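A short worksheet on the structure shown next.
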Amino acid sequence: MDSEYKRMLSPSIALLVLASLTPPEHEVTIEDANAGPIHFDDAPDLVGISVNVDTSKRAYEIASRYRRKGVPVVLGGIHPSAVPDEALRYADAVCIGEAEELWAQILSDAAQKRRKRTYYNRRPTDMAKTPRPRWELLNQSAYLYTNIVCASRACAFKCDFCYNSCEYVHNQYRNRPVANVVEEIRSLGTRHVMFIDDNFIGNPQWTRAFVRAIQPLGLIWHAAVSTNIGLHPELLDEMAASGCRSLFIGFESLNGDSISSVHKGQNKIETYDRTIREIHARGMMVNASMAFGFDHDYPDVFERTAAWLVKNKVETMTAHILTP
Ligand code: B12
Ligand code: SF4
């Protein structure tokens with residue numbers, strides 16, 4: 001699957017969550033440059049853009065076009081949160097971190113023309129308070145799937161290259177209450193769910209309670225987990241029994257020097273093959289996430305990685321370019 005198609009796999013729920021946090025006196029329209037052209041002929045009172053590192057250049061162009069028309073722009077999401085000074089060059093204001101506690105304030109300041117340059121949420125959001133995304137605002141037919149659910153925020157680890165190692169991220173790994181996630185799944189009216197958590201096993205106790213709670217729903221589901229899943233065979237049993245059919249795992253590299261250079265200590269290369277075998281034995285597929293471009297990589301890295309993937313019968317791989 002190439003990059004052209006990949007960007008239409010699913011939407012991000014960031015703006016759908018923001019829409020839910022928006023007080024009812026405001027009207028909200030959502031456009032996604034991943035799924036179609038932005039219509040610059042509108043005249044909103046405020047534009048908010050959700051920005052990742054790979055979409056930042058395009059986001060800054062969009063921001064500049066609106067600002068030239070006199071429309072103020074707020075940038076948020078993980079890239080402006082990581083590098084707010086860069087983002088501020090292209091925006092009227094930047095939201096650093098989670099929006100739950102800030103968005104209503106940003107809107108009210110904008111309406112009263114007393115906007116600040118930066119809004120910074122220093123407190124981890126209480127996951128019982130994250131609202132349900134407003135799916136009805138999105139043209140869902142533009143994506144391959146929209147049955148996505150987020151059950152946690154942050155990660156128990158802090159690998160150097162990941163946004164979870166940025167200063168602004170609240171390192172406290174937090175899960176939503178089990179009942180809230182179950183209710184959201186029911187509201188989607190689907191039996192096929194993709195969990196978009198960075199690490200679905202950040203708190204294995206929560207994961208165990210959760211998979212028990214969803215077992216009666218008869219779902220088929222997929223999630224991303226860290227490589228230490230191999231240490232939890234009973235959890236793997238329960239995940240499989242509750243309908244898990246594939247796991248996305250950040251193996252990243254087969255080179256120990258590369259792994260330690262990014263402080264990804266939980267990745268023990270000598271356990272990779274066994275972990276994959278354990279997952280396959282339970283009827284689940286593996287999507288191996290591999291990163292290329294470490295200082296310790298040499299030109300043979302591609303062939304070596306491909307041979308390892310084939311040897312272990314890994315069903316899918318996702319390639320990432322390590323981006324400084
Ligand atoms: C769904 C998803 C996708 C979807 C949609 C992509 C998109 N447009 O964002 C698809 C499948 C297309 C995708 C593809 C890719 N993805 Co992706 N994806 C995700 C995923 C799993 C969930 C995103 C989400 O909905 N999060 C939930 C929301 C609620 O969290 P949030 O965005 O942080 O939003 C909160 C705050 O940041 C803030 N906020 C966010 N936006 C805004 C905006 C404003 C105005 C304000 C005020 C606040 C605000 O408020 C929100 C609520 O608190 C994330 C991981 C993750 N858990 O976030 C990776 C992630 C975003 N993806 C990532 C990557 C690397 C990619 C790819 C480059 C992979 C590849 N090699 O091809 C491609 C890029 C394709 C593209 N052009 O977009 C990285 C980005 C790293 C970075 N530093 O930017 C992430 C973080 C995964 C990771 N852990 O590394 N991805
Ligand atoms: S385990 Fe994955 S999500 Fe967690 S910090 Fe490392 S790369 Fe990021």
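Computed from a predicted structure; not experimentally measured. Read the numbers this way: they start at 1 and go in the same order the structure lists the ligands and their atoms.
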Notebook entry, point to check: atom 32 (O) of ligand 1: which protein heavy atom is closest, and how many Å away?
Noted result: Ala14 CB, 3.5 Å
Margin query: Only heavy atoms of Gly76, strictly under 4.0 Å: list the atoms of ligand 1 that pass.
Written below: 41 (N), 42 (C), 43 (C), 44 (C), 45 (C), 46 (C), 48 (C), 49 (C)
Next item on the list: Quick one: look up the protein heavy atom nearest atom 41 (N) of ligand 1 and list residue, atom name and how far away it is.
Entry: Ser50 OG, 2.7 Å
Next item on the list: State, without any angle test, whether Ser289 and His320 hold a side-chain donor-acceptor pair at a distance under 3.5 Å.
Entry: yes
Checklist line | Taking atom 73 (C) of ligand 1 as the reference point, the nearest protein heavy atom with its distance | finding: Lys6 CE, 4.2 Å
Checklist line | atom 85 (C) of ligand 1 touched by protein (heavy atom, under 4.0 Å) | finding: no
Check: Short check: is a protein heavy atom less than 4.0 Å from atom 62 (N) of ligand 1?
Finding: no
Next item on the list: Looking only at distances, please establish whether an N/O atom of ligand 1 is found under 3.5 Å from an N/O atom of Tyr145.
Entry: no
Next item on the list: In sequence, state the C-alpha distance, the side-chain angles, and the governing distance for Asp109 and Gln105, and then conclude on side chain to side chain donor-acceptor pair (under 3.5 Å).
Entry: CA-CA 6 Å; Asp109 285 1; Gln105 182 70 49; 2.9 Å; yes
Next item on the list: Taking Arg132 for its side chain and Ser187 for its backbone only, find out whether a donor-acceptor pair lies under 3.5 Å.
Entry: no
Check: Side chain of Ser258, backbone of Leu254: donor and acceptor closer than 3.5 Å?
Finding: no
Next item on the list: Could you tell me whether atom 19 (C) of ligand 1 has at least one protein heavy atom nearer than 4.0 Å?
Entry: no
Next item on the list: Look up atom 16 (N) of ligand 1 and tell me if a protein heavy atom lies less than 4.0 Å from it?
Entry: no
Notebook entry, point to check: Does at least one non-hydrogen atom of Gly97 fall below 4.0 angstrom from an atom of ligand 1?
Noted result: yes
Note to self: Check contact between Ala319 and ligand 1, using heavy atoms of the residue and a distance below 4.0 angstrom.
What the structure shows: yes
Item checked: Donor + acceptor pair across side chains of Glu61, Tyr90 (<3.5 Å) -> no
Next item on the list: Just need the protein heavy atom nearest to atom 10 (C) of ligand 1, so name the residue and atom and give the distance.
Entry: Ser10 O, 3.9 Å
Item checked: Expected output: side-chain Asp197 to main-chain Asn199 donor-acceptor under 3.5 Å -> no
Check: Counting N and O atoms only, with roles assigned by atom type, does the side chain of Asn267 sit under 3.5 Å from a partner on the main chain of Phe251, one being a donor and the other an acceptor?
Finding: yes
Notebook entry, point to check: So which protein heavy atom does atom 3 (S) of ligand 2 come closest to, and at what separation?
Noted result: Asn164 ND2, 3.6 Å
Notebook entry, point to check: Is Asn52 reaching over with its side chain to a backbone N or O of Asp54, donor-acceptor style, under 3.5 angstrom?
Noted result: no
Notebook entry, point to check: Which atoms from ligand 1 have a heavy atom of Asp198 less than 4.0 Å away?
Noted result: 55 (C), 56 (C), 57 (N), 89 (N)
Notebook entry, point to check: With a 4.0 Å cut-off, strictly under, does atom 13 (C) of ligand 1 pick up any protein heavy atom?
Noted result: no
Notebook entry, point to check: Just heavy atoms, cut-off under 4.0 Å: does Cys155 contact ligand 2 by side chain, backbone, both, or neither?
Noted result: side chain
Margin query: Side chains of Tyr272 and Asn312 only: does a donor on one sit below 3.5 Å from an acceptor on the other?
Written below: no
Check: Just to confirm, does any protein heavy atom lie below 4.0 Å from atom 7 (C) of ligand 1?
Finding: yes
Next item on the list: For atom 50 (O) of ligand 1, find the nearest protein heavy atom and state the residue, atom name and distance (0.1 Å precision).
Entry: Ala99 CB, 3.2 Å
Check: Lys69 side chain to Phe40 main-chain N or O, any donor-acceptor pair under 3.5 Å?
Finding: yes
Check: So, Ser152 side chain and Asn175 main chain: donor-acceptor pair closer than 3.5 Å or not?
Finding: no
Next item on the list: Report yes or no: does Arg153 have a heavy atom closer than 4.0 Å to ligand 1?
Entry: yes
Next item on the list: Treating Ile, Leu, Val, Met, Phe, Trp and Tyr as nodes and any side-chain heavy-atom pair under 4.5 angstrom as an edge, say whether Met194 and Ile201 lie in one connected cluster.
Entry: yes
Check: Passes salt bridge (charged side-chain N to carboxylate O under 4.0 Å, His left out), Glu278 versus Arg282? Steps please.
Finding: CA-CA 7 Å; Glu278 293 280 342; Arg282 290 163 175 83; 2.8 Å; yes
Next item on the list: Spell out, as yes or no, whether a donor-acceptor pair under 3.5 Å connects the side chain of Asn147 to the backbone of His192.
Entry: yes
Note to self: Please list, in number order, the atoms of ligand 2 under 4.0 Å from a heavy atom of Gln266.
What the structure shows: 1 (S)
Note to self: Is there a path of hydrophobic side-chain contacts, each under 4.5 Å between heavy atoms of I/L/V/M/F/W/Y residues, joining Met317 to Phe248?
What the structure shows: no
Check: Quick one: nearest non-hydrogen protein atom to atom 27 (C) of ligand 1, plus distance?
Finding: Ile13 CG1, 3.7 Å
Notebook entry, point to check: Is there a heavy atom in His79 that sits closer than 4.0 Å to ligand 1?
Noted result: no
Item checked: Atoms of ligand 1, numbered as shown, that sit under 4.0 Å from any heavy atom of Gly48 -> 45 (C)
Next item on the list: Please determine if Ile148 has a nitrogen or oxygen closer than 3.5 Å to a nitrogen or oxygen of ligand 1.
Entry: no
Notebook entry, point to check: Hey, which atoms in ligand 1 end up nearer than 4.0 Å to a heavy atom of Val74?
Noted result: 45 (C)
Margin query: Report whether any nitrogen, oxygen or sulfur of Cys159 sits less than 2.8 Å from atom 6 (Fe) of ligand 2 (N, O or S, backbone or side chain).
Written below: yes
Item checked: Gln140 side-chain N/O to Thr146 backbone N/O, donor-acceptor pair under 3.5 Å -> no
Item checked: Tyr66 and Asp42 side chains, donor-acceptor separation under 3.5 Å -> yes
Next item on the list: Go through ligand 1 atom by atom and flag the ones less than 4.0 Å from a non-hydrogen atom of Glu100.
Entry: 52 (C), 53 (O)
Check: Which value, rounded to the nearest 0.5 Å, describes the distance between Ile13 atom CD1 and Ser20 atom OG?
Finding: 9.0 Å
Notebook entry, point to check: If you measure from atom 26 (N) of ligand 1 to every heavy atom of Val169, Ile196, Asp197, Thr318, which option wins on shortest distance?
Noted result: Ile196
Next item on the list: Taking atom 30 (O) of ligand 1 as the reference point, report whether a protein heavy atom occurs under 4.0 Å from it.
Entry: no
Checklist line | Nitrogen or oxygen of Asn52 less than 3.5 angstrom from that of ligand 1 | finding: yes
Notebook entry, point to check: When you check the side-chain N and O atoms of Asn121 and Tyr168, is any donor under 3.5 Å from an acceptor?
Noted result: no
Notebook entry, point to check: Can Asp297 and Asn255 be counted as having a side-chain donor-acceptor contact under 3.5 angstrom?
Noted result: no
Checklist line | Element-labelled atoms of ligand 1 that are located less than 4.0 Å from some non-hydrogen atom of Pro11 | finding: 1 (C), 5 (C)
Note to self: Out of all atoms in ligand 2, which are within 4.0 Å of some heavy atom of Asp198? Include the element for each.
What the structure shows: 3 (S)
Next item on the list: Determine if the distance from atom 2 (C) of ligand 1 to the closest protein heavy atom is below 4.0 Å.
Entry: no
Check: Nearest to atom 78 (O) of ligand 1, what protein heavy atom do you find, and at what distance?
Finding: Asn34 ND2, 3.0 Å
Checklist line | Polar side-chain atom of Arg117 near backbone of Asp92 as donor-acceptor pair, under 3.5 Å | finding: yes
Checklist line | Top protein contact for atom 83 (N) of ligand 1, by heavy-atom distance | finding: Val53 CG1, 3.6 Å
Item checked: Nearest protein heavy atom with distance in Å, relative to atom 2 (Fe) of ligand 2 -> Lys264 NZ, 3.9 Å
Next item on the list: Considering the heavy atoms of Arg7, write down every atom of ligand 1 situated less than 4.0 Å from one of them.
Entry: 12 (C), 77 (N)
Item checked: Protein residue, atom and distance nearest to atom 8 (Fe) of ligand 2, heavy-atom basis -> Cys162 SG, 2.4 Å
Next item on the list: Check whether the ring centres of Phe195 and Phe210 lie less than 6.0 Å apart, and answer yes or no.
Entry: yes
Checklist line | Atoms in ligand 1 with a heavy atom of Glu98 nearer than 4.0 Å | finding: 53 (O)
